[in-house]
Engineer: 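Sharing a structure below in structure tokens format, with a few things to ask.
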Amino acid sequence: ELNIMNLGIVLDGEVNWMAKAKCKICGTELDTKTAYKVTDKNEKNKYYCSAVEFEEEEARKKKVADDKERVYRLICEILGVNEVLNTALWKEKLEWNKAFSDEFIAKYLEEKREYLSSAIARLSGTEYAKIRYISTVLKNSLRDFKPRVEVVEKPKVVVEEHYETKYKAK
């Protein structure tokens with residue numbers, strides 16, 4: 001006999017309490033016994049609908065982090081430094097990310113790297129001024145930017161036709 005009573009389930013006269021949790025990705029309410037559980041470094045349990053959903057979310061987070069690092073490295077290269085010390089870069093980056101993803105910004109920086117590097121090299125001023133210059137260029141140029149699409153040529157398929165002759169030479 002199956003009855004739901006007072007948040008517990010009665011199975012053959014025994015009450016089994018179901019612990020509930022929410023999926024960290026989609027917010028679906030789950031039973032902790034059947035949900036996919038991950039324990040983080042602070043020994044806190046996090047629950048997900050499935051292992052596949054968890055893996056996809058981890059891959060997405062890794063891609064976002066990689067794109068952020070790629071943008072930072074490109075800006076350091078354009079500025080000609082190993083590390084940007086001025087925190088204005090992060091403030092400006094927040095403004096760029098309101099309208100564009102890091103992946104899109106990285107594509108722009110890769111295509112315009114030489115132009116930006118030469119323009120920055122001509123500037124004399126502080127790191128802050130150079131960051132503001134790059135920021136202004138990005139704000140004015142990103143909305144009109146179309147990333148290059150590499151055209152991959154398909155290999156030509158050559159079909160050879162062979163004809164059989166039914167005639168014999170005399």
Engineer: Using only atom types and a distance under 3.5 Å, with no angle test, would you say the side chain of Asp40 pairs donor to acceptor with the backbone of Asn42?
Structural biologist: yes

Engineer: Please name the pair of heavy atoms, one in Arg70 and one in Glu103, separated by the smallest distance, quoted to 0.1 Å.
Structural biologist: NH2-O, 4.1 Å

Engineer: If we ignore hydrogens and angles and just use 3.5 Å, is the side chain of Tyr72 paired with the main-chain N or O of Val84 as donor and acceptor?
Structural biologist: yes

Engineer: Pick from Glu56, Glu58, Glu57: which one makes a side-chain hydrogen bond (donor to acceptor under 3.5 Å, both in side chains) with Arg60?
Structural biologist: Glu57

Engineer: Identify the two heavy atoms, one from Val71 and one from Asp102, that lie closest to each other, and give their separation to 0.1 Å.
Structural biologist: CG2-O, 3.3 Å

Engineer: Under the 3.5 angstrom rule, does the side chain of Glu29 hit a backbone N or O of Lys22 as a donor-acceptor pair?
Structural biologist: no

Engineer: Please answer whether the main-chain N or O of Ala19 pairs with a side-chain N or O of Thr32 as donor and acceptor at a distance below 3.5 Å.
Structural biologist: yes

Engineer: Could you check whether atom NZ of Lys37 has more than 12 heavy atoms from other residues, nucleotides or ligands sitting under 6.0 Å from it?
Structural biologist: no

Engineer: Using modelled atom types only, decide if a donor and an acceptor are shared between the side chain of Asn97 and the backbone of Ser101 within a distance under 3.5 Å.
Structural biologist: no

Engineer: Is it the case that the side chain of Arg132 and the backbone of Ala88 share a donor-acceptor pair, with hydrogens and angles ignored and the cut-off at 3.5 Å?
Structural biologist: no

Engineer: Check Glu127 against Glu83 and note the closest heavy-atom contact, atom names and distance.
Structural biologist: OE2-O, 4.0 Å

Engineer: If only atom types and distance count, is the side chain of Glu53 paired as donor or acceptor with the main-chain N or O of Cys49 below 3.5 Å?
Structural biologist: yes

Engineer: Whether Arg73 and Glu69 form a salt bridge (side-chain N of Lys/Arg under 4.0 Å from carboxylate O of Asp/Glu) is what I want to check.
Structural biologist: yes

Engineer: Starting from Phe100, can I reach Tyr108 by hopping between I/L/V/M/F/W/Y residues whose side chains sit under 4.5 Å apart?
Structural biologist: yes

